[in-house]
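Sequence lines set the chain letters: A, B, ... in the order given, protein chains first and strands last, and positions in each chain run from 1.
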Protein chains: 2
Amino acid sequence: MTARQDLLDTLAQVGKALGSGHRLALLERLAQSEASVESLANTAELTVGNASAHLQHLRRAGLVTATRSGKQVIYRLTDERIVTLMSLLRDVAETNLAEVERLVSRLFDSDDPGGTLEAVSRDDLLAGLREGSVALLDVRPHEEFQAGHLPDAINIPLDELETMLDALPRDREIVAYCRGPYCVLSHEAVERLRKLGFRVRRFDEGFPEWKAAGLPVH
Amino acid sequence: MTARQDLLDTLAQVGKALGSGHRLALLERLAQSEASVESLANTAELTVGNASAHLQHLRRAGLVTATRSGKQVIYRLTDERIVTLMSLLRDVAETNLAEVERLVSRLFDSDDPGGTLEAVSRDDLLAGLREGSVALLDVRPHEEFQAGHLPDAINIPLDELETMLDALPRDREIVAYCRGPYCVLSHEAVERLRKLGFRVRRFDEGFPEWKAAGLPVH
DNA sequence: CCATTATTCTAATAACTAATAGAATGTTTG
DNA sequence: CAAACATTCTATTAGTTATTAGAATAATGG
């Protein structure tokens, strides 16, 4: 019955691929949009060689695919379920590991100004959008926004925020989102916009989760 | 921004825990029912010491919990979502790794006698049960059956099969199930019962998936 | 409270994985 | 076709993980 063990070992390859913070960072970046090795290496703060090695690892596990485009090699997630897999991983970790809670609160530190307590759920966001009572703000870099975003979202990357205030409504509530539940960009945006008198909260998920849920994207 | 990396590393702990065939075997066994270290070591074909070490690993990742009961320490899955997590892992591996297909066909070899092609889906099974046209056969060991099984299933472990034929109907189709999609017990049962003239197919999932789907168990 | 049984811990070894620097490969552009 | 660029490969090193055997701990039953 070694065939069975071989099978489990092969499944374990996929688990192993998820078993490195650097690889999860790469996957999280790829959940926003496809990207070249160099660009992936930058966001994950790895050397190009090292990033390449990790990407090979992910490729062997069937989580990403690569195609060459000119000088560059473009990596992408093989399918949407990989986002679901990561969400579930996060979910299980959140409920079963006290440490995660501690780390999340360190990530979103201070006394929760614009924080988790007041985050908007997907259902609430959908309701707000339906009745036109909220404006959506995407604070990711232009590149990621262009690769896909929630319908009718305005894109103002965090570092352009203060120069683009005119684009934001003052008569409606703003909901800011970015890469996912642990992305700090939207958090930061909420904090800064509040100080400027805007009514704003953050979405408790991000673009990849929205898309994986089968909701419309542009 | 090291807090973020710490967080990803902690999530990676959970991935790492899934990154070993032996640990997946332990989890698969635990998906049937809680069990002692020795019994787990036996089904996974590990030394007790080694099994214990792997179980510690799973515990640190929050996937299992342990309680002492007399001389024994009983391990169990922390929650049902872990079954879902494993299913998704399998799912992703199946669609993205050609190798898995190769291994599955090696596991269920021969020219598919009573095999995958003819396996019954969950929906079909539910329909058959509703209209009373199928009888359910659980071929797992008594211990696992007693810890939980599909409603109205008859339990005949594989090694008692030939001695218990009277308990099986000849006027209805029999659907055999066991531990999960890669469990060979039901496959073997189908093969043997067919030779004896029974009308029988296998369920393409197992008890843990049924339970995780929120369907009734006894 | 000693013997028995079940599990965990410890130390040692073997096997595997991650990271780095630098060479090699493949693609485009002048 | 040479130069520039992006990526992968190779070899080396350091660090981590798996396994085993055996000692230590914990609970039970005489």
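- No donor-acceptor contact under 3.5 angstrom links the side chains of B:R76 and B:S33, judged on distance only.
- For the pair B:Y75 and C:dA6, the criterion of a side-chain N or O lying under 4.0 Å from OP1 or OP2 is not met.
- In 5' to 3' order, the nucleotides of DNA chain D bounding all contacts with chain B (an atom under 4.0 Å from a heavy atom) are D:dT17 to D:dT28.
- Under the ring pair (Phe, Tyr, Trp, His ring centres under 6.0 Å) criterion, B:H57 pairs with no residue at all, not counting sequence neighbours.
- A cation-pi arrangement is found for A:R202 relative to A:F108, the charged atom lying closer than 6.0 Å to the ring centre and inside a 45° cone about the ring normal.
- Partners of B:E101 by salt bridge (charged side-chain N to carboxylate O under 4.0 Å, His left out), not counting sequence neighbours: none found.
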Between the protein and nucleotides 14-18 of chain C, list the N/O to N/O atom pairs that are separated by less than 3.5 angstrom.
from	atom 1	to	atom 2	distance (Å)
C:dA18	OP1	A:R23	NH1	3.1
C:dA18	OP1	A:R23	NH2	3.3

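- Under the 6.0 Å distance and 45° angle rule, B:R122 does not count as a cation-pi partner of B:F203.
- Side-chain polar atoms of B:N96 and A:T78 form a donor-acceptor pair below 3.5 angstrom.
- Every residue two or more places apart in sequence or in another chain that forms a salt bridge (charged side-chain N to carboxylate O under 4.0 Å, His left out) with B:E144 is listed here: B:R29, B:R179.
- When the salt bridge (charged side-chain N to carboxylate O under 4.0 Å, His left out) test is applied to A:E160, no partner is found at least two apart in sequence or on another chain.
- Sorted by residue number, the list of members of residues 25-43 of chain A with any non-hydrogen atom under 4.0 Å from DNA chain C is empty.
- Legend: residues meeting side-chain contact (heavy atoms from CB on, under 4.5 Å) with B:Q56, ordered by chain and number and at least two apart, are B:S52, B:R59, B:R60, B:Y75.
- Listed by chain and residue number, A:V139, A:L158, A:L161 satisfy the side-chain contact (heavy atoms from CB on, under 4.5 Å) test with A:A189 (two or more places apart in sequence, or in another chain).
- In this structure, NZ of A:K71 is placed 7 Å from C1' of C:dT29, rounded to the nearest angstrom.
- If you check residues 62-69 of chain A against DNA chain C, the residues with a heavy atom closer than 4.0 Å are A:R68, listed by number.
- Take the nearest nucleotide of DNA chain C for A:G70 and for A:A53: the residue whose nucleotide is more 5' is A:A53.
- Shown here for A:A17 and A:R23, the closest heavy-atom pair between the two residues is O-NE, 2.8 Å.
- In this view, A:A53 satisfies the side-chain contact (heavy atoms from CB on, under 4.5 Å) rule with no residue, not counting sequence neighbours.
- Here B:Q56 reaches the OP1 or OP2 of C:dT8: one of its side-chain N or O atoms lies under 4.0 Å away.
- Screening residues 147-157 of chain A for side chain to side chain donor-acceptor pair (under 3.5 Å) gives A:H142-A:N155 as the qualifying pairs, with residues at least two apart or on separate chains.
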